[in-house]
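Encoded as structure tokens, the structure appears first; notes follow it.
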Amino acid sequence: IGSLLLPIREILILLSLGFVFNIFTGIVADIHVNRQQFSIKKAFSAITQATFFMACVFFLDYGSKLLHDAQIGQTSVRWLTLIVSYFYMVNIFRNAKLIFPKNLAITFIYELLSTEIFLRLKEMVGIKTKE
């Protein structure tokens, strides 16, 4: 929603908050559920991905202004932001599902976002999925 309504600067702030929340849920899931220690390698990978996204946003937005077509840059940034936000949301809910395994709302939202709900629907109808 933010990518459609907000200027580029606010989009970057909003996605930075999403990035931090994603990292936080990942750390909590690893420590409390998977019983793993904090992994600097995973954290560095997440920071690298976020930095790459920010660089893409900067390039698309400000590079398109150099080409005198700001609308293409803004549209590209909005679509890229929607895609990255979707993957952050799926990952956040996957980690939340690990942290709160009995919470049906989180499980439902995760299955809906990750399209696992279609596998359940197929099983309910009687269509077997391949292993």
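Computation of the quantities below employed the complete heavy-atom set of this structure, encompassing side-chain atoms and omitting hydrogens, waters and symmetry-equivalent molecules. Positions are given from 1 along the sequence.
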Stepwise side chain to side chain contact (heavy atoms under 4.5 Å, CB included) check, Val28 with Leu98: CA-CA 9 Å; Val28 171; Leu98 292 173; over 6 Å; no
Flag if over 12 foreign heavy atoms under 6.0 Å of OH, Tyr88: yes
Separation of Arg94 CZ from Thr107 OG1 (nearest 0.5 Å): 13.5 Å
Distance in Å, Lys97 NZ paired with Leu104 CG, rounded so as to fall on 0.5 Å steps: 11.0 Å
Leu80 side, atom CG; Ser85 side, atom OG - distance, nearest 0.5 Å: 9.0 Å
Ile23 reachable from Phe21 in the ILVMFWY side-chain graph, under 4.5 Å edges: no
Path from Phe52 to Met54 over hydrophobic side-chain contacts below 4.5 Å: no
Euclidean distance, Leu112 CG relative to Phe108 CZ, rounded to 0.5 Å: 5.0 Å
Side-chain heavy atoms of Ile47 within contact of Phe19, under 4.5 Å: yes
Nearest-0.5 Å distance, CG of residue Asp30 to OG1 of residue Thr25: 10.0 Å
Hydrophobic cluster identity match, Ile92 and Val20, side-chain contacts under 4.5 Å: no
Minimum heavy-atom distance between Val90 and Ser114, given as atom pair plus value: CG1-CB, 4.2 Å
Which atom of Ala29 lies closest to which atom of Asn95, heavy atoms considered: CB-OD1, 3.9 Å
Nearest-0.5 Å distance that lies between atom CG in Asn91 and atom CG in Leu113: 11.5 Å
Heavy atoms from other residues, nucleotides or ligands near CZ of Phe59 exceed 12 (cutoff 6.0 Å): no
Hydrophobic cluster identity match, Leu17 and Tyr86, side-chain contacts under 4.5 Å: no
